[in-house]
Amino acid sequence: MLSCFAFSASSFALGPQAAPWVEQVAERLRRYAGLEARAARAQAVAELLALLQAPPAGDATPPPERVERPAAVPPPAPAGERLGLDAPLTSLQGVGRARAQRLARLGLRSIRDLLYFFPRRHDDYSQFKPIRRLEYGENATIIAKVVRAGLHQTRTGGVLFRALLSDGSGSIEATWFNQPRLANRIQVGQQLVVSGKVNEYLGRPCLSSPQWEKLEEEHLHTGRLVPVYPLTEGINANWLRRQMKRAVDYWSKRLPDHLPGWIRDEQGLLDLETAIVQAHFPDSPELLRRANQRLAFDELFALQVGLQRLRRQWRSEAGQPLEVPGDALEAFVASLPYPLTGAQRRALESIVADLRGQQPMGRLLQGDVGSGKTVVAAAAMALTAAAGAQAVLMAPTEILAEQHFRTLSRLFERAPGRAPRVALLTGSVDGAEREAVYVGLADGSVDVAVGTHALIQAGVAFRNLALVVIDEQHRFGVRQRAALRQKGYNPHLLVMTATPIPRSLQLAVWGHMDVSVIDELPPGRQPIETRVVTPALRERAYRFVENQIAQGRQAFIICPLVEESEKIEAKAAVEEHARLQREVFPHLRLGLLHGRMPSDDKEAAMARFMRGELDILVSTAVVEVGVDVPNATVMLIEGANRFGLAQLHQFRGRVGRGEHRSYCLLFSDSDSPESNERLEAIATIHDGFALAQKDLEMRGPGEFLGTRQAGLPELRFARFSDLPMIEAAREAACRLLELDPELAHPDHRLLARQVARLWEGRSAPAIETGEGDIS
Ligand code: ADP
Ligand code: MG
């Protein structure tokens with residue numbers, strides 16, 4: 001686009017002293033065509049405009065007689081500087097197109113990327129042990145020279161690569177089985193860094209299949225902690241380390257710090273330049289730790305600034321304060337068939353306070369399976385109706401919507417005064433019936449609507465929608481929730497989830513919402529007896545299921561999670577269903593449920609199971625959400641090791657909902673001690689929150705929240721389980737936004753960019769609608 005400018009020194013009638021300026025302009029124009037990143041192009045244009053506005057003095061001053069030297073030419077900065085940190089890597093010395101392409105495979109495109117491309121680990125070269133001091137059984141790292149190396153046939157027909165390593169203090173043999181290519185890579189005379197477990201072979205120490213790398217001389221000279229970067233084909237460690245060193249040395253000084261100084265001081269954090277330098281080439285383990293700490297804080301802080309801005313936006317809109325008389329609340333609670341638990345009561349009181357408030361409620365109601373969230377929502381909806389407004393409850397499936405409809409109808413029948421009128425709206429409600437619901441919602445004769453996605457269709461209009469309740473929120477997309485909210489005037493929003501979310505993760509991901517937790521089960525619940533079943537006991541477990549069914553009960557059988565695709569998973573479920581029907585339970589009635597079935601068929605299978613027309617429901621993970629089948633007493637889970645603890649706990653919550661004693665049987669298809677330790681945890685821990693915390697620690701948040709919930713910002717340094725740091729970041733973010741809500745102050749411009757960068761990956765609607773859910 002810029003090529004339409006035609007330039008030459010003469011067209012401006014500039015004197016010869018302008019030649020360098022013209023050259024600069026021309027150079028920028030030439031480069032422009034090669035710039036791909038939008039930011040880089042924008043910057044190039046800005047620089048160009050700046051240059052054009054300040055041409056060297058032209059005609060007005062007569063050209064000097066003699067031009068001593070081209071003083072206007074800036075000292076030769078590395079090429080990248082012209083574009084700053086957004087310059088492409090090709091602007092670095094030694095990086096051509098081919099190398100740049102390889103680096104792109106590592107996600108590296110600009111100089112900034114390079115500064116933020118951190119080592120996988122640091123090798124501590126002070127930790128090496130002389131061979132003479134190695135002890136059997138220890139994990140050790142040595143630096144040694146290859147004295148002898150070669151391939152050998154083994155008696156079993158394999159090949160063994162053996163290398164004798166010596167470091168002057170002694171020697172040790174290292175062996176690698178079936179890696180013949182090592183013969184080309186490890187040669188006599190080389191220095192290697194080798195680490196592994198010291199074993200004993202024929203009375204002598206040896207290393208079997210240790211990790212190894214060639215020693216680069218400069219390792220020893222660059223300090224004790226040497227960065228080890230991820231590599232890709234065609235990029236070798238030495239070369240990359242040299243490039244990194246050069247880039248970090250030069251560019252870290254030119255990287256402005258986005259974190260306001262007072263926050264840095266308060267938190268005792270390193271400045272950004274030091275943090276970047278130390279994260280790559282640390283002077284000491286302590287500085288490395290502090291660099292990591294600073295970078296972790298940056299991540300969490302940017303996340304919190306984003307969340308808190310959402311919260312402020314949300315709360316800046318006027319809501320609909322509802323007039324909920326105190327005695328209406330008491331009267332409703334008194335009409336319930338059971339007393340509320342203390343936790344239910346507290347949650348309800350917070351919700352009512354929100355409903356009365358001037359600002360729209362944005363509240364997450366968390367409670368373990370069976371903790372009684374529905375009745376809390378029912379009370380909120382009844383009170384909304386009593387205040388003359390409408391409420392809706394949206395559930396992810398028809399089965400659940402119908403279940404809620406029945407529960408609400410029952411509860412409202414007993415309500416004091418005029419009972420709120422409830423209507424059901426799902427895909428199956430059609431014709432005149434649907435018309436009647438539409439009319440009732442539009443004219444206000446229906447107070448409470450319960451339904452599925454059908455609620456957000458275009459034809460649905462409310463007279464005065466003031467409260468939106470969403471059950472099992474992770475099944476809904478952000479867009480759908482936004483659509484529902486738009487049917488009212490900034491209605492209050494209550495989101496219910498049965499996934500217990502540890503507090504740290506809650507603050508990190510749902511930090512913009514208020515949270516109520518129901519952390520107490522209604523009295524009298526029997527714990528569900530949970531067993532890890534070893535393969536030898538499989539038959540017995542099946543007979544146990546049969547026995548329960550003979551007593552009139554029902555069972556769920558969950559098929560293993562298949563990561564690759566829903567299609568393969570569905571196929572596996574179909575096969576398992578057929579196998580069980582044919583070989584294991586030929587006389588019983590088995591149903592099938594998987595994600596690839598049309599939703600009508602899914603609903604039908606579920607409905608048959610609920611009516612008792614099926615003895616066993618064979619299902620993939622789709623059954624997880626809150627259905628209530630009080631007659632089901634066995635939850636048998638195949639491949640239990642593949643599920644997260646939180647998810648297993650959800651499955652388990654599907655039984656034990658009636659008066660019968662219930663069981664959860666966990667089959668494992670792994671014999672790794674670690675995954676079986678996880679299963680033992682679920683057998684002994686019945687509290688969803690304790691399990692969730694354990695799950696988060698053991699598997700990290702991505703796994704914890706499930707792959708469905710991609711879009712969780714990626715944290716490189718911080719941990720979602722680091723509560724103290726998350727709290728500190730949140731607090732600092734709140735105070736900063738108090739001072740400068742829009743981050744409009746020039747000092748905060750860089751921070752605003754940093755926040756935008758972190759939130760880039762997240763779907764835009766999540767940001768616009770202020771719903772931190774990430775489905
Ligand atoms: P969830 O939180 O999993 O959605 P539900 O709302 O479905 O739980 O409640 C589970 C069961 O507990 C329901 O049968 C409900 O009637 C019952 N329940 C809820 N609250 C209480 C209470 N305070 N005392 C006794 N039973 C209760
Ligand atoms: Mg529920």
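Counting starts at 1 for both ligands and their atoms, in listed order. The first residue of the sequence shown is numbered 1, and numbering continues consecutively from there.
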Out of Leu617, Asp628, Ile399, which residue meets the side-chain contact (heavy atoms from CB on, under 4.5 Å) rule with Met610? Ile399
List ligand 1 atoms under 4.0 Å from Thr341, heavy atoms only on the residue side. 23 (N)
Can you confirm whether the side chains of His404 and Asp471 place a donor and an acceptor under 3.5 Å from each other? yes
Take every heavy atom of Gln366, measure it against each atom of ligand 1, and state whether any distance is under 4.0 Å. no
Do any nitrogen or oxygen atoms of Gly367 lie less than 3.5 angstrom from nitrogen or oxygen atoms of ligand 1? no
Nitrogen or oxygen of Gly372 less than 3.5 angstrom from that of ligand 1: yes
Judging by distance only, is a nitrogen or oxygen of Arg525 under 3.5 angstrom from one on ligand 1? yes
Could a heavy atom of Gly653 be found less than 4.0 Å from some atom of ligand 1? no
Check ligand 1 against Val369 and write out every atom of the ligand that is under 4.0 Å from a heavy-atom position of the residue. 3 (O)
Exam field: side chain Glu569 to backbone Cys559, donor-acceptor pair closer than 3.5 Å: no
Counting only heavy atoms closer than 4.0 Å, does ligand 1 sit against the backbone of Thr374, its side chain, both, or neither? both
Got Leu465 and Leu441 here, is their nearest side-chain heavy-atom distance under 4.5 Å? no
Residue portion contacting ligand 1 (non-hydrogen atoms closer than 4.0 Å) for Arg410: neither
Yes or no: does Arg657 have any heavy atom under 4.0 Å from an atom of ligand 1? yes
Check the side chains of Asn641 and Asp669 for a donor-acceptor pair under 3.5 angstrom, ignoring hydrogens and angles. yes
Between Gln344 and ligand 1, find which residue part has any heavy-atom pair under 4.0 Å and reply side chain, backbone, both or neither. side chain
Which of the listed options, Ala378, Pro522, Pro337, holds the heavy atom that is closest to atom 24 (N) of ligand 1? Pro522
Taking every non-hydrogen atom, the tightest pair across Asp368 and Gly688: OD2-N, 2.9 Å
Proximal atoms of ligand 1 relative to Pro339 (non-hydrogen, under 4.0 Å): 22 (C), 23 (N), 24 (N)
Parallel under 30°, tilted from 30 to 60°, perpendicular over 60°: which one fits the rings of Tyr542 and Phe667? tilted
Any luck finding a side-chain donor-acceptor pair between Gln390 and Arg463 under 3.5 Å? no
Correct closest heavy-atom pair for Asn631 and Arg553 would be OD1-NE, 2.9 Å
